[in-house]
Amino acid sequence: MGIFDSVFGKKDDSVREEKQIPWIPLVSVGQLDEIAEKSKTQTQLIFKHSTTCGISRMVLNMFTGSYSLGEEHDIYFLDLHAHRDVSNEVQYKFQVMHQSPQLLIIKNGEVTYHTSHGAIADTDLAQHV
């Protein structure tokens, strides 16, 4: 049965605690000015996600599983397909080329760090916030 456990996953009856990220939905262009203003006193993060991309889903799951920041930072979630206009404005306002998935860290109205794809999960957020 060992080979089947490794291929299909062994049934685990224990309760697994899932991490909850305090996402703030990023749904309007107007929120970007708010994010820039708030970043003057508190670091702001934007996670851009493509709901139709398997890589984006995998990175989101890895990011969620490794997320360890407290609530002293605002973290916005942008669904690229539902809010393409907002994604386009993020690129323009913060002068960062669009990628998906993508993580932006904003301080004092400017992006101080950004990364995309698998590098998101490898990022030591505490070092950048």
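The analysis underlying the following values was restricted to heavy atoms, covering all of them including side chains, and did not include hydrogens, waters or symmetry mates.
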Distance from H114 atom NE2 to M97 atom CE, nearest 0.5 Å? 9.0 Å

Any side-chain to backbone donor/acceptor pair from Q102 onto H98? Under 3.5 Å, distance only. no

Residues forming a ring-ring contact (aromatic ring centres under 6.0 Å, His included) with Y92, sequence neighbours excluded: none

Verify the neighbour count for atom CD of E34: are there more than 12 heavy atoms of other residues, nucleotides or ligands below 6.0 Å? yes

Do you know which two heavy atoms are closest between I55 and H117, and how far apart they sit? CG2-CD2, 4.1 Å

Do E110 side-chain atoms and F94 backbone N/O form a donor-acceptor pair below 3.5 Å? no

Quick one: are N88 and V29 in side-chain contact, heavy atoms under 4.5 Å? no

Return yes if a side-chain donor-acceptor contact under 3.5 Å exists between H81 and S50, otherwise no. yes

Trace of the side-chain contact (heavy atoms from CB on, under 4.5 Å) decision for T43 with I105: CA-CA 7 Å; T43 303; I105 298 176; 3.6 Å; yes

When you look at D85 and E89, which way does the side-chain contact (heavy atoms from CB on, under 4.5 Å) test go after all the steps? CA-CA 6 Å; D85 61 328; E89 188 63 21; over 6 Å; no

Donor-acceptor under 3.5 Å (H83 side chain, S28 main chain): no

For the residue pair L103 and I120, what are the closest heavy atoms and their distance? N-CD1, 3.8 Å

Taking ring-ring contact (aromatic ring centres under 6.0 Å, His included) as the test, write out the residues that go with F63, two or more places apart. F47, Y67

Looking at Y76 and D74, what are the two nearest heavy atoms and their distance? CE1-CB, 3.8 Å

Check step by step if salt bridge (Lys or Arg N to Asp or Glu O under 4.0 Å) holds for E37 and K40. CA-CA 6 Å; E37 186 61 33; K40 294 176 182 176; 3.2 Å; yes

Among side-chain atoms of S56 and H49, is any donor-acceptor pair under 3.5 angstrom? yes

Check: I106 and L45 side chains under 4.5 Å, non-hydrogen atoms: no

Strictly distance-based, threshold 3.5 Å: is any side-chain N or O of S39 a donor or acceptor partner for the main-chain N or O of Q44? no

Sub-4.5 Å side-chain heavy-atom contact between K48 and I46: yes

If Ile, Leu, Val, Met, Phe, Trp and Tyr residues are connected whenever their side-chain heavy atoms lie under 4.5 Å apart, and connections chain through other members, are F77 and V90 in the same group? no

Please say yes or no: joined through hydrophobic side-chain contacts below 4.5 Å, possibly via intermediate residues, are L80 and L60 part of one cluster? no

Would D79 and V27 count as a side-chain contact (heavy atoms from CB on, under 4.5 Å) here? Give the steps. CA-CA 8 Å; D79 176 341; V27 297; over 6 Å; no

ILVMFWY cluster, L104 and Y113 together (side-chain gap under 4.5 Å): no

Gap separating the CZ atom of R57 from the CE atom of M62, nearest 0.5 angstrom: 13.0 Å

Evaluate the side-chain contact (heavy atoms from CB on, under 4.5 Å) criterion for residues I75 and I21: first the C-alpha distance (whole Å), next the side-chain angles of each, then the deciding distance (0.1 Å), finally the verdict. CA-CA 8 Å; I75 181 162; I21 296 180; 3.7 Å; yes

Taking only residues two or more places apart in sequence or in another chain, which ones pass salt bridge (charged side-chain N to carboxylate O under 4.0 Å, His left out) with D33? K93

